[in-house]
2 protein chains.
Amino acid sequence: MAQPEPAQGAKARSTIREVASAAGVSIATVSRVLNGRPDVAPATRDAVMRAVRDQGFTTNRTARALSGGRTGFVGVTLPLIEAAYFARILAGTAEALHEQDMRVVLTPTLHLHDRAVTLLDRLMHGTTDGAILMLPEETNEELKALRRLGYPFVVVDPREPLDEGIPAVSAANASGARAATQHLLSLGHRRIAAILGVAEWTASVERLLGFRAALASAGVLADPALVVESDFSIEEGEKAAAALLDLPEPPTAIFAFNDNMAIGALRAARARGLRLPEELSVVGFDDSEEAAIVTPALTTVRQPLAEMGRMAASLLLRLLENQTLEALNVELATRLVVRDSTAPPRP
Amino acid sequence: MAQPEPAQGAKARSTIREVASAAGVSIATVSRVLNGRPDVAPATRDAVMRAVRDQGFTTNRTARALSGGRTGFVGVTLPLIEAAYFARILAGTAEALHEQDMRVVLTPTLHLHDRAVTLLDRLMHGTTDGAILMLPEETNEELKALRRLGYPFVVVDPREPLDEGIPAVSAANASGARAATQHLLSLGHRRIAAILGVAEWTASVERLLGFRAALASAGVLADPALVVESDFSIEEGEKAAAALLDLPEPPTAIFAFNDNMAIGALRAARARGLRLPEELSVVGFDDSEEAAIVTPALTTVRQPLAEMGRMAASLLLRLLENQTLEALNVELATRLVVRDSTAPPRP
DNA sequence: GACGTTTCTGTAACCGTTTCCGGGAGAATC
DNA sequence: GATTCTCCCGGAAACGGTTACAGAAACGTC
């Protein structure tokens, strides 16, 4: 607001107008050069570029946004919980977007004050071009409504099965679970328990499908008593595992649907004096930082978190270009990581 | 751009002008109401509010930013490494800013292309009101230059000692280290080793100070051979610990300057068949997720990460208000968390 | 040499707010 | 009853770009 005082080093931000007059052209031309439009004579382009460099000019993204209709911002919502997990996805997203000169703006999902007013689109209207919703709390209906508004977004790790037509990326939960189960089967386990996460979430459902499929194709009869529900936390995982281990005929292996619960299972086993992995095999899911660190190091299914983040970004970018997405629902391959928590059952 | 087609549910974004005409006032008045200016007659205010509600109007933040000069965005830079650690700080920051209706925009520190052009201020010029720099790579000089430009920012976890006048928040590293060391001393340890992180970083320097102070005030002579340098990673921590344990006269306790290295130390000890904590006590720093999970669970110094994030946000907010900060350098108290990795030394 | 193209550039409208400035209507003062 | 204050409110100028439109210059073509 004050006079643009170009102190020793503190160059005041210059505008397109100043660049224009320095280069002896109009602001329209400067704008064209800045945006790489082809219809500018080489000589003019050079002159403008020189002026830009001299002044250390950078285009004001706010003004560009208002005028051009695109803000260059992508909103990302994520749950507060499981920070490490989502941080890894977020890193992928931020990186991919940054490469396209777009930025991530965070909108943590917390106080869900009156939905009516603060429907998540309001949060972003006018300030973001689109959004990436991680493990969104919104119902399918709400998401469909958002979509109907024409607001572009993609979901990562949908909580419930999404409607056709809503772009989503997730890990190949079913096949990952299948691989994990097959690993246990091939080691010789037959009494294999599963600790589900929140049972309604897609991830749980899919993993359970994979688990059952693997058992079935190995001709193993699944014991319903060996499938218990939990909530993805260490504590509850421990409780669930404890209950399983206290069964008259306990399982020889436990497949926990995430690493946290697997770590809980490890604890429960240790509390009962079981030797690991000889007396109990444990498999997790995620390949979190912790998986490699606990003892015994956890055999687990690796989710390509950063890739999921990047993929979400690239889907969104395509959406923004108004390209139609051939594949709306992307599943990224998982990979079994065998460590020390699994071994053949004792005879 | 097309005709504002108010489909069934899809209300096209309405502008202040439409609200104004609906309420029968001028846009200036609407703006005043929206911003809670006092000079509006109650009746007028009500009429405007009603129109706003009817149209589901939300003010276009981009336009507001361009006109009002404030964007409502705060840039946050953070290193890619140690995602979990910074995610926890970031969560605090995002939450605190959100309460003030400001948003975080992420600018990951990656490709540090030509510094000259992309000095970090350019990244943000015009798009953010200020920034929070976590563990910034920039030198003191660069930060001072940024400051001279009048761009408000605060540093979290400075890498090197900062100049007076640059707002920064960090944990009480020295006193935390002192507490950790005193804990070991009070257990009876006398040969206590320290594994430093990157030696130049302030955190290491401060923690070393605390470590030495505790030893000194207990009248224990510090053995220089027991202070080794590392780099905050598990692997290097393990190597450093291994070297310490292979000393002719090994320490009975190791204070690692972060949890990662402490976990490395645990590994090194286990590899040598040492019983933990009987034959070796280990203390970490951070209280990361992992600390509670490893066996034995790590005694460590808890950093109030979320609080650090919130504090940084509130300092920045005050800076933005042009309030002068009385305390530019804030240190948040740490707390010793005693778990299972420490015990009295064997006689 | 007149005319149609192509290539390049400038003029000006517009994006949706905020805010300065000025003015009309009452209320208060004399 | 004239004058001065308040209190509210509207007009219009920014904010810093993008872009539709039109016009000038340079070039071919017949």
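These numbers come from a predicted model, not from an experiment. Proteins get letters first, then strands, A, B, ... in listed order; numbering begins at 1 in each.
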Write down the distance between CZ (Arg61(A)) and P (dT18(D)), rounded to a whole number of angstrom.
12 Å
Has the side chain of Glu142(B) got a donor or acceptor atom that lies under 3.5 Å from a matching backbone atom of Thr139(B)?
yes
Separation of Leu66(A) atom CG from dT18(C) atom C1', in whole Å?
12 Å
Base, sugar-phosphate, or nothing: which does Val30(A) touch, judged by heavy atoms less than 4.0 Å apart?
nothing
For Val74(B), does its backbone N or O pair with a side-chain atom of Asp129(B) as donor and acceptor, under 3.5 Å?
no
Need one value for Ser31(B): base, sugar-phosphate or nothing, where a base atom within 4.0 Å counts as base even if backbone is also close, heavy atoms only.
base
Does any N or O in the side chain of Arg147(B) come within less than 3.5 Å of the main-chain N or O of Gly165(B), such that one atom is a donor and the other an acceptor?
yes
Distance below 4.0 Å between Arg37(A) side-chain N/O and dT19(D) OP1 or OP2:
yes
Rounding to a whole Å, what distance do you find between Glu18(B):CD and dC15(C):P?
11 Å
For Ile27(A) and dT9(C), what is the distance between atoms CD1 and C1' respectively, to the nearest whole Å?
12 Å
Record whether the side chain of Arg32(B) comes under 3.5 Å of the base of dG10(D) through a donor-acceptor pair of N or O atoms.
yes
For Asp39(B) and dT19(C), what is the distance between atoms CG and P respectively, to the nearest whole Å?
12 Å
State which of dG10(C), dC8(C), dT17(C) makes the closest approach to the side chain of Thr44(A).
dC8(C)
Which of dG10(D), dG10(C), dG17(D) is nearest the side chain of Ser26(B)? It is dG10(D)
Nearest whole angstrom, please: distance from the P of dA14(D) to the CD1 of Ile16(B).
19 Å
Ionic contact status for Arg159(A) with Asp157(A), cut-off 4.0 Å:
no
Under 4.0 Å, heavy atoms only, any strand: does Arg70(A) hit a base, just the sugar-phosphate, or nothing?
nothing
Which part of the nucleic acid does Ala41(B) contact within heavy-atom distance under 4.0 Å: base, sugar-phosphate only, or nothing?
sugar-phosphate
Which part of the nucleic acid, if any, lies within reach of Arg45(A) when heavy atoms closer than 4.0 Å are counted: base, sugar-phosphate only, or nothing?
nothing
Lys/Arg-Asp/Glu bridge criterion (N-O < 4.0 Å) met for Glu307(B), Arg310(B):
no
Could you state the CZ-P distance from Arg17(B) to dA12(D), rounded to the nearest angstrom?
13 Å
Of the nucleotides dG17(D), dT19(D), dG16(C), which one has an atom closest to the side chain of Thr15(B)?
dG16(C)
Taking OP1 and OP2 of dT9(C), is either one under 4.0 Å from a side-chain nitrogen or oxygen of Thr29(A)?
no
Rounded to whole Å, the CG-P distance (Asn60(A) to dC15(C)) equals 18 Å
